[in-house]
Amino acid sequence: LTADIDFSDYNMSIGIDYHDFDAVFDGQGHKLTIKRVKTDGSENCAPFQCLMGTVKNLWIDGTITSNGKYAASVASHIWKAGAVIENVLSTVTIESSVQGDATNAGILGVADNPVTLKNCVFAGKLTTTGGTSNCGGLIGWASAATTLINCLMVGDIEVGENDTHTISRNGGNCNMQNVWVSKYFANSQQGELASAEMLASGELAYKLGMGQQIGQDVADTAGRCAFG
């Protein structure tokens, strides 16, 4: 991207079935505003439905409303080993009306193949209008080896507790390196717990490798963790 883009008038995804996105989408630090709606029960409501390449340097804002599984603010599925999601900040609200298992997530629905999430922040919300559960703060389900490096989960999870996890379901497939959370969801104690003081002072941004000086530059920690 060369500028912020409001994509909310276009209810569509990039990389749909059999036309997977296998390239580099570089937001160059710009904001993509979305308004995705699926009310027909179909799955995979996300900006990138099937990702095989790289999405990086992007702030995604807006809303996703879905009554199908695998809603996520970046991608629903990873169809190729080696895909990367890097330097991405999401402030998207994902509203689900799925009854039970939705496998929704803040960043990625399902890691079907090995994938890396690096310097990613979810500061949005997972919510439901009717009984949605089985979700993940960053990843809905890690089917394959998933690497998370310098990631932060500060979003709100307002769905059912049944098999919903702070970072990812099937977390045994996740290699978490310096992954932090502002709070744990229910009994899911994934990631390292950051205090409010760490968030406010810039200490957490420093720990996430953003060169922050503790006690200085107390601006939006989420944005700094994603973009430096």
Side-chain angles (χ1 to χ4, degrees), residues 4-8 11 13-14 25 27 29-38 44-49 51 55-76 85-98 102-111 117-129 132-141 148 150-160 164-169 179-186 188 190-191 194 196 199 204-205 208 219-227:
D4 295 348
I5 291 181
D6 187 344
F7 205 63
S8 56
N11 190 25
S13 294
I14 299 170
F25 187 99
H30 293 292
K31 179 169 70 170
L32 175 67
T33 302
I34 63 170
K35 185 179 180 181
R36 293 285 286 111
V37 179
K38 279 197 174 187
N44 308 325
C45 193
F48 295 84
Q49 192 174 108
L51 178 64
V55 176
K56 64 180 183 179
N57 306 325
L58 182 64
W59 173 13
I60 304 178
D61 189 36
T63 60
I64 292 174
T65 304
S66 176
N67 63 354
K69 298 179 69 173
Y70 314 124
S73 71
V74 179
S76 291
I85 301 173
E86 183 176 5
N87 297 339
V88 171
L89 165 65
S90 170
T91 50
V92 173
T93 293
I94 300 172
E95 182 181 280
S96 171
S97 56
V98 172
T103 315
N104 295 340
I107 300 292
L108 170 64
V110 181
L117 277 65
K118 184 176 181 181
N119 297 344
C120 290
V121 179
F122 182 62
K125 181 185 293 187
L126 297 174
T127 187
T128 179
T129 57
T132 298
S133 61
N134 303 71
C135 298
L138 297 183
I139 301 169
W141 182 264
L148 299 98
N150 297 343
C151 291
L152 175 63
M153 166 59 187
V154 291
D156 294 320
I157 302 177
E158 300 175 357
V159 299
T164 293
H165 290 268
T166 304
I167 299 295
S168 177
R169 295 167 62 219
V179 175
W180 291 81
V181 302
S182 59
K183 54 184 175 293
Y184 292 128
F185 179 79
S188 175
Q190 296 174 321
L199 285 161
L204 184 57
L208 285 165
D220 182 5
T221 297
R224 290 185 179 277
C225 288
F227 301 123

Any Lys183 side-chain heavy atom under 4.5 Å of Asp156 side chain: yes
Side-chain touch Val154/Val121, heavy atoms, less than 4.5 angstrom: yes
Euclidean distance, Lys35 NZ relative to Thr65 OG1, rounded to 0.5 Å: 8.0 Å
Heavy-atom side-chain proximity of Val74 to Leu117 below 4.5 angstrom: no
Check: Asn11 side chain, Val37 main-chain N or O, donor-acceptor pair, under 3.5 Å: yes
CD1 on Ile64 to CG on Leu126, rounded to 0.5 Å: 9.5 Å
Minimal non-hydrogen separation, Val159 against Phe185, with atom names: O-CZ, 3.5 Å
Ala194 to Leu204 - nearest heavy-atom pair and separation: CB-CD2, 3.9 Å
Rounded distance [0.5 Å steps], OG in Ser8 versus CG in Asp61: 10.0 Å
Side chain proximity check, Thr63 to Glu95, heavy atoms < 4.5 angstrom: no
Side-chain (Thr164) to main-chain (Asn134) donor-acceptor, under 3.5 angstrom: yes
Whether over 12 other heavy atoms sit under 6.0 Å from Lys38 NZ: yes
Inter-residue atom distance Gln49.CD - Asn44.CG, 0.5 Å rounding: 4.5 Å
For Pro47 against Ile34, the heavy-atom pair lying closest together: CG-CD1, 3.7 Å
Shortest non-hydrogen separation from Leu138 to Ala105 and the atoms involved: O-CB, 3.6 Å
Residue pair Met153 / Ile167, side-chain heavy-atom distance below 4.5 Å: yes
Nearest heavy-atom neighbours spanning Gly191 and Tyr184: O-OH, 2.8 Å
Closest non-hydrogen atom pair between Lys69 and Asn104, with its separation: C-OD1, 4.0 Å
Ile60 CD1 to Phe48 CZ distance, which is reported to the nearest 0.5 Å: 7.0 Å
Approximate separation, where rounding is to 0.5 Å, of Lys31 NZ and Asp4 CG: 6.0 Å
Ile139 side chain near Leu148 side chain, heavy-atom distance below 4.5 Å: yes
Check: Gly136 main-chain N/O paired with Ser168 side-chain donor or acceptor under 3.5 Å: no
Heavy-atom donor-acceptor pair, Thr103 side chain to Gly140 backbone, under 3.5 Å: no
Any side-chain donor near an acceptor of the partner, Thr33 and Asp6, under 3.5 Å: no
Tyr70 backbone acceptor or donor facing Ser76 side chain under 3.5 Å: yes
Pairwise side-chain contact, Cys135 with Ile157, heavy-atom cut-off 4.5 Å (strictly under): no
Heavy-atom check, side chain of Ser182 versus side chain of Leu199, under 4.5 Å: yes
For Val88, the option from Ser73, Cys120, Cys151 that meets side chain to side chain contact (heavy atoms under 4.5 Å, CB included): Cys120
